[in-house]
Engineer: 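Below is the structure I would like to discuss, written out as structure tokens.
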Amino acid sequence: MLTLEQLAKVIQGEVVQLVQPMSLVHLLTDSRKLSQPAGTLFFAIKGKYNDGHQYLQQLYSKGVRQFVLEHGEPNELKQLYPEANILLVRNGLEALQKLAAWHREQFSLPVVGITGSNGKTIVKEWLAQLLSPDELVVKSPRSYNSQLGVPLSVWQLEANHTLAIFEAGISQVNEMQRLQQIIQPTIGIFTNIGSAHNEGFNSLQQKVEEKLKLFSGVELLFYCSDYQEIHEAVQSQHITSFTWSRQYPDATLFINAATPAGHKTIVVYTYKGQKQRLSIPFADDASVENALHCLAFLLYRGLPLAEIQDRLDKLHPVAMRLEMKEAINGCYLIDDTYNNDLAGLAIALDLLASQPQRGKRIVILSDLLESGLEEEKLYSKVAELLQAHNVERLIAIGPVISKYKNLFGLPAEFYTSTSDFLQRFSSDKYKNEVILVKGARVFEFEKIVHAFQQKVHGTVLEVNLDALVHNLNFYRSKLNPDTKLMVMVKAFAYGSGSFEVANLLQFHRVDYLAVAYADEGVMLREHGIVLPIMVMNPSPDSFAKIKQYNLEPEIYSLELLKAFLDSTEESINYKIHLKLDTGMHRLGFVEADFDTLFTLLHHYPHVQVVSAFSHLAGADEAIYNDFSNLQIARFRSMAAELEERIGYKVIKHILNSAGIVRFPTHQLDMARLGIGLYGVEATGAEQEALRPVSILKTTVSQVKEIAAGDTVGYSRKGRADTDKTIATIAIGYADGYDRRFSNGVGEVIIKGQRCPIIGNVCMDMCMVDVTGADVQAGDEVVVFGPQLTLTELAQRIGTIPYELLTNVSTRVKRVFYAE
Ligand SMILES: *Cc1c(COP(=O)(O)O)cnc(C)c1O
């Protein structure tokens with residue numbers, strides 16, 4: 001174990017205080033993920049949107065006693081944290097990376113480093129699985145491949161591991177060298193090169209060369225020489241390589257043929273002069289390429305063909321996606337059927353812990369597929385993790401985990417198999433709980449997920465939480481570091497699901513939320529949202545709730561102000577937000593109200609104006625620039641007068657999503673983000689920078705042939721001029737699918753193909769023309785999504801994306817997922 005002095009040397013830090021022996025087990029960079037304070041070393045990192053130094057006090061009070069900081073006055077630090085070991089470094093991230101690189105150097109096992117544009121995670125997972133019979137493998141959890149993820153991955157290395165597989169991902173130049181120094185791979189795999197992340201590079205060649213830096217010290221590099229750019233770059237650097245190719249017979253492994261056969265692919269290959277044949281249990285191109293990288297690796301290891309075939313047969317697709325959804329009896333499911341190993345479990349438990357007040361936390365867990373540890377040690381670590389994350393009940397499924405019953409000190413049930421569990425499953429045993437379902441693939445936990453799911457009405461709105469965070473960060477990048485951010489989660493978070501979105505925003509530490517009505521705010525509070533919440537339409541009959549739930553009303557008229565002031569008690573402090581009308585002419589005070597306004601406020605000093613704001617009427621359109629500027633100027637002057645007359649500063653804000661993009665110099669103290677978060681860039685100028693957040697999907701209920709001259713649907717509006725194939729799909733205007741999409745105005749996507757609506761949209765369904773397409777009942781239908789955007793659809797019926805999003809009926813199930 002490292003001493004503090006040694007650590008200081010490794011990370012080139014300056015010791016501020018040393019008060020206890022170093023106990024270094026867990027590295028922490030995200031204060032929200034603290035689970036085991038003892039043994040944790042916290043690296044305070046100042047990032048683009050966040051600064052770890054803000055959370056020192058909180059971590060200290062929870063028991064963390066070891067810190068690496070980027071700044072701080074030594075005497076002050078000693079006073080604040082008398083019991084903590086403290087080091088100062090120039091850069092927290094670099095210090096973490098140096099520690100990981102040092103840790104790596106303590107081991108001399110073979111280390112496989114993987115990079116490339118696509119397939120890194122799958123090749124890593126598959127290789128780990130394929131080699132698990134012979135090796136104790138340690139690997140990156142999920143796709144931990146960034147400047148932060150790589151050191152945390154490498155930190156898992158322990159003495160008993162015999163093989164390590166780590167992935168490295170970069171998005172700009174000069175990043176790979178640092179990852180190389182941490183991973184120090186002895187064997188490389190370069191999966192492929194595509195155009196993704198091109199923005200950080202001048203050219204494809206530069207990107208290839210940057211990625212190649214991962215392999216500067218490898219003994220052998222695996223790659224597919226059909227990628228010309230990779231091949232040329234590797235050749236010019238004289239890296240010893242194992243190539244495979246579908247084109248060049250002189251490759252180390254030549255693929256003579258790869259022929260799809262149902263769900264499989266038959267591969268004929270030539271290796272060391274011998275022609276052989278095997279099958280890969282996948283048919284899509286990406287999986288075949290990933291599997292061929294693995295085949296190359298297994299051949300190099302000298303495994304016999306029969307053994308290779310046997311192991312390949314057991315491969316399964318890697319579930320990259322984790323879903324969250326409502327379930328029976330008010331329960332909430334986190335469905336993570338990603339490979340079940342220790343690191344993956346820890347990540348899923350972090351997520352479970354970040355669902356505050358969802359109810360009791362239950363974990364349904366299968367045997368773990370972890371080859372790097374002996375069983376007893378593995379399951380005591382699992383027990384420790386469950387306890388550290390305050391799991392209240394465990395349902396353990398599998399012969400191995402059941403053997404170690406005694407290790408688990410929490411209420412637990414044990415089942416030998418999934419079917420054993422399902423036979424004894426009774427839904428009354430679960431109520432208002434949050435349930436993490438985490439099982440290795442072979443346990444088929446999808447059956448359990450199914451048992452817990454509410455009746456599925458065929459239409460779902462899938463909400464991509466990663467895309468939401470991406471969009472949040474895009475807008476943050478437009479704001480000055482000290483501009484606060486209020487996010488509008490009114491109208492069920494623009495249709496996306498208020499609680500989940502609010503929870504994510506709370507996790508990502510936005511400053512404020514805003515809702516339209518008090519009830520929306522109450523719902524958020526009841527689900528554990530503690531961020532300040534502004535209520536835009538507070539009616540006097542909601543004041544009691546507003547106070548009870550610590551919500552902050554927007555006050556927009558003298559009448560409303562008087563009613564609110566009357567309802568207050570002098571001994572309590574209240575916060576209000578003042579809306580000023582600068583030209584929108586919706587809600588807000590005008591200058592003529594000011595004298596009365598200030599007199600009233602003066603008489604109620606226990607009511608504090610926290611913010612003053614106004615709303616732009618045409619921020620998204622350049623033709624209204626003059627008017628927007630006028631509104632801004634009016635607002636600035638009104639707000640200045642307000643501050644002067646009430647005698648204190650308030651938070652001033654006027655920009656909405658479009659305003660953030662178009663009027664960056666008028667950010668004032670805060671901006672109010674709305675539609676942009678949900679993936680629609682209202683000005684259109686930066687749409688490319690956003691990721692679509694929601695996909696509305698339904699299914700085909702029936703397919704039928706109709707003859708020329710027949711009609712489809714109500715009022716016989718859909719006339720078939722020729723013979724047609726039509727599909728009835730399970731969405732109608734009651735789901736929010738606008739009736740104006742009737743008769744060819746709207747389109748949906750089935751099997752990648754656009755199909756027009758035929759006839760009138762009905763209440764619960766509508767019909768589409770699928771003539772010539774291979775469509776069957778049960779097929780998935782995309783109503784809107786990345787390929788059929790809200791902006792396009794809104795234009796078709798003369799409305800705006802806001803309306804389409806918020807119209808999606810609450811009867812449509814929301815499924816939230818992360819990649
Ligand atoms: C809805 C709303 C916003 C957000 O507008 P977007 O165009 O969705 O960004 C901002 N301010 C107020 C007062 C709003 O009502």
Side-chain angles (χ1 to χ4, degrees), residues 468 471-472 474-476 478-479 483-496 498 501-502 505 510-518 520-521 532-538 551-557 560 576-589 610-622 624 628 631-632 634-635 638-639 651-664 666-687 689-690 692-694 790-791 794 799-807:
L468 229 122
N471 298 341
L472 175 68
F474 167 75
Y475 284 95
R476 279 186 160 164
K478 299 260 161 200
L479 296 179
T483 306
K484 291 183 191 298
L485 187 64
M486 171 183 268
V487 180
M488 314 311 277
V489 291
K490 60 193 183 196
F492 201 45
Y494 288 52
S496 301
S498 334
V501 173
L505 295 168
V510 306
D511 300 283
Y512 254 97
L513 296 179
V515 294
Y517 294 99
E520 297 176 306
I533 300 176
M534 179 175 89
V535 178
M536 295 196 290
N537 285 291
L551 307 172
E552 301 171 12
E554 163 189 327
I555 304 291
Y556 51 79
S557 70
L560 188 65
I576 61 169
H577 301 260
L578 294 185
K579 177 75 164 286
L580 308 179
D581 186 355
T582 55
M584 173 85 170
H585 296 334
R586 191 166 64 175
L587 297 176
F589 291 96
V610 263
S611 93
F613 69 105
S614 191
H615 195 40
L616 296 175
D620 50 337
E621 291 173 275
Y624 303 124
S628 296
Q631 280 196 284
I632 293 169
R634 278 183 186 154
F635 176 69
M638 286 171 89
I651 300 171
K652 296 171 289 297
H653 45 117
I654 192 165
L655 301 184
N656 60 355
S657 307
I660 296 172
V661 170
R662 304 204 47 251
F663 299 97
H666 298 295
Q667 295 178 10
L668 306 175
D669 306 312
M670 183 153 82
R672 298 187 306 273
L673 176 61
I675 192 89
L677 181 71
Y678 309 97
V680 178
E681 207 283 276
T683 76
E686 304 224 36
Q687 185 59 55
L690 298 187
V693 167
S694 35
L790 286 162
T791 309
T799 184
I800 48 176
Y802 300 71
E803 187 183 352
L804 295 188
L805 264 178
T806 52
N807 271 356

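Computation of the quantities below employed the complete heavy-atom set of this structure, encompassing side-chain atoms and omitting hydrogens, waters and symmetry-equivalent molecules. For ligands, and for the atoms within them, numbers begin at 1 and follow the listed sequence.
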Engineer: Exactly one of Met488, Lys579, His615 should register a side-chain contact (heavy atoms from CB on, under 4.5 Å) with Met536. Which one does?
Structural biologist: Met488

Engineer: Which protein residues have a heavy atom under 4.0 Å from ligand 1?
Structural biologist: Met488, Lys490, Tyr494, Met536, Arg586, His615, Asn656, Ser657, Arg672, Gly674, Ile675, Tyr802

Engineer: Taking the ring of His577 and the ring of Tyr512, is the distance between their centroids below 6.0 Å?
Structural biologist: yes

Engineer: Drop me the distance from Glu520's CD to Leu513's CG, to the nearest 0.5 angstrom.
Structural biologist: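 These two atoms lie 11.5 Å from each other.
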
Engineer: Under the rule for side chain to side chain contact (heavy atoms under 4.5 Å, CB included), what residues qualify as partners of Ser657, not counting sequence neighbours?
Structural biologist: Tyr475, Leu673, Ile675

Engineer: Are any non-hydrogen side-chain atoms of Leu790 and Ile800 less than 4.5 angstrom apart?
Structural biologist: no

Engineer: Which residue in the set Lys484, Arg476, Met486 passes side-chain contact (heavy atoms from CB on, under 4.5 Å) when paired with Val510?
Structural biologist: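 Of the listed residues Lys484, Arg476, Met486, the side-chain contact (heavy atoms from CB on, under 4.5 Å) partner of Val510 is Arg476.
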
